[in-house]
Amino acid sequence: MKTDDPLSDFAPLELTFPNDMGADVTRTVYRAGEGPAVIVLHEMPGISPHVARFARWVRDAGFTVWMPSLFGRDGAVPDAKEGGAVFRRVCMAREFNVMAGQGSSPVTVWLRALAAHAHTECGGKGVGAVGMCFTGNFALTMMLEKSVLLPILSQPSLPLDNPAAVESDAKELAMIRKRLEEEDLEVLAYRFDGDKICQAARFEAYRAALGPRFVDKQLPDSAANSDVSPFFAEHVNYPHSVLTQHLIDGDGEPTIDARDEILAALSERLRDAA
């Protein structure tokens with residue numbers, strides 16, 4: 001996928017919700033499909049064709065995808081220089097907390113409002129949220145919204161400066177663990193063994209905070225695709241993106257098995273009983 005994706009099979013919506021300061025913020029959200037809502041949060045440096053491919057898989061499995069644009073050029077395959085510039089801008093933005101001890105990123109307040117809206121629009125038992133890389137932990141924080149029933153964390157990468165830490169603070173983690181236990185819910189998480197950003201120590205920290213309802217899968221580096229876009233070739237030149245750049249689309253591939261496991265979990269958790 002080396003060319004831009006026009007995203008023409010998604011309906012772009014301009015949705016406005018309050019941010020953490022109570023001010024209204026309008027963002028573009030790409031919607032497609034029918035069925036219970038799943039929020040797909042894109043990775044750095046934006047909604048790439050690989051992210052859109054994953055969103056289409058979710059749509060085709062019988063869900064309504066809501067894909068908010070958080071940074072970058074929508075549908076683009078940026079070169080390494082442009083992608084690096086996006087990364088630097090986002091790290092300076094007040095909406096995102098990238099270092100340890102800062103707590104969850106402020107943008108998650110807006111995302112929780114999006115989840116509540118999507119559940120009202122789509123029905124079903126609740127909402128799923130898939131976070132990737134920079135947005136990985138956002139899916140977990142979205143559990144502070146009662147409609148979010150299944151957070152999926154794909155290589156959660158924040159905070160950037162402490163591989164043994166998680167973005168959520170202790171109070172938030174305690175609230176989420178309480179929900180997991182009282183409502184019989186789970187958190188699904190994925191990473192490659194050799195990921196240099198989302199290291200094994202981060203999953204150990206999640207497991208310690210959330211207990212046995214944090215269900216993780218760690219894939220061998222040999223399962224990662226080596227044919228990646230210019231940004232990843234220069235800045236992320238190791239196995240990292242389980243569901244997008246480093247996914248190998250073939251029967252029996254561990255990354256495809258992870259995708260299918262996610263789709264099955266979404267179906268089990270979000271659909272009303274027949």
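Since the structure is predicted, the reported quantities are computational estimates derived from the model, not experimental observations.
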Is it true that Glu14 and Arg27 make a salt bridge, defined as a side-chain N closer than 4.0 Å to a carboxylate O?
no

Do Pro151 and Leu153 come within less than 4.5 Å of each other through their side chains, counting heavy atoms only?
yes

State which residues pass side chain to side chain donor-acceptor pair (under 3.5 Å) with Thr26; sequence neighbours excluded, sorted by chain then number.
Thr16

Donor-acceptor under 3.5 Å (Asn137 side chain, Leu140 main chain):
no

Are Gln245 and Ser241 close enough that a side-chain donor and a side-chain acceptor fall under 3.5 Å?
no

So do the side chains of Leu41 and Met132 get within less than 4.5 Å of each other, counting heavy atoms only?
no

Can you confirm whether Arg213 sits close enough to Val187 that some side-chain heavy atom of one is under 4.5 Å from a side-chain heavy atom of the other?
no

Hey, are the side chains of Val242 and Leu247 touching, using non-hydrogen atoms and a 4.5 Å cut-off?
no

Just checking Tyr238 against Phe192, ring centres under 6.0 Å apart?
no

Does the structure place the NZ or CZ of Arg271 under 6.0 Å from the centre of the six-membered ring of Phe63, at an angle of no more than 45° from the ring's axis?
yes

Taking all heavy atoms of Ala118 and all of Ala37, pick out the closest pair and write down the distance.
CB-CB, 3.7 Å

Salt-bridge present (Glu82, Arg73; N to O < 4.0 Å):
yes

Going by heavy atoms in the side chains, are Leu144 and Ile176 under 4.5 Å from each other?
yes

Return the minimal non-hydrogen interatomic distance between Val40 and Pro68, and the atom names on each side.
O-CD, 3.4 Å

Cationic N near anionic O, under 4.0 Å, Asp20 to Arg112
no

Check step by step if salt bridge (Lys or Arg N to Asp or Glu O under 4.0 Å) holds for Glu121 and Arg31.
CA-CA 12 Å; Glu121 290 279 314; Arg31 175 176 171 165; 3.5 Å; yes

Gln218 versus Tyr190, side-chain donor and acceptor atoms under 3.5 Å
no

Residues Glu95 and Ser105: side-chain donor-acceptor under 3.5 angstrom
no

So, do Phe134 and His42 have ring centers that fall under 6.0 Å from each other?
no

Check whether the side chains of Thr255 and Glu253 place a donor and an acceptor atom closer than 3.5 Å, and report yes or no.
no

In the structure I gave you, are the side-chain heavy atoms of Cys122 and His117 within less than 4.5 Å of one another anywhere?
no

List the residues meeting side chain to side chain contact (heavy atoms under 4.5 Å, CB included) with Pro6, not counting sequence neighbours, and say none if there are none.
Ser8

Asp195 and His240: side-chain donor and acceptor closer than 3.5 Å?
yes

Residue pair Arg191 / Gln155, side-chain donor-acceptor N/O under 3.5 Å
no

Indicate yes or no: at least one non-hydrogen side-chain atom of Tyr206 is less than 4.5 angstrom from one of Pro156.
yes

Between Val51 and Met67, which heavy-atom pair has the shortest distance, and what is it?
CG1-SD, 3.9 Å

Would Ser104 and Glu172 count as having a side-chain donor-acceptor pair, cut-off 3.5 Å?
yes

Counting the benzene-type ring for Trp, do Phe231 and Phe87 have ring centres under 6.0 Å apart?
no

Salt bridge or not for Asp257 and Lys217, using N-O below 4.0 Å?
no

To check you understand the geometry: which heavy-atom pair defines the closest contact between Thr3 and Pro49, and what is its length?
O-CG, 3.4 Å

Linking I/L/V/M/F/W/Y whenever their side-chain heavy atoms sit closer than 4.5 Å, directly or via other members, would Val236 and Phe71 fall into one cluster?
yes

Gap between atom NZ of Lys171 and atom CG of Leu173 - 0.5 Å precision:
12.5 Å

Do Ile262 and Trp57 touch side chain to side chain, with heavy atoms closer than 4.5 Å?
no

Is it true that the side chains of Asp74 and Tyr30 contain a donor and an acceptor less than 3.5 Å apart?
yes

Salt bridge or not between Asp184 and Arg179? Use side-chain N to carboxylate O under 4.0 Å.
no

Any Lys/Arg nitrogen of Asp5 or Arg53 sitting under 4.0 Å from an Asp/Glu carboxylate oxygen of the other?
no

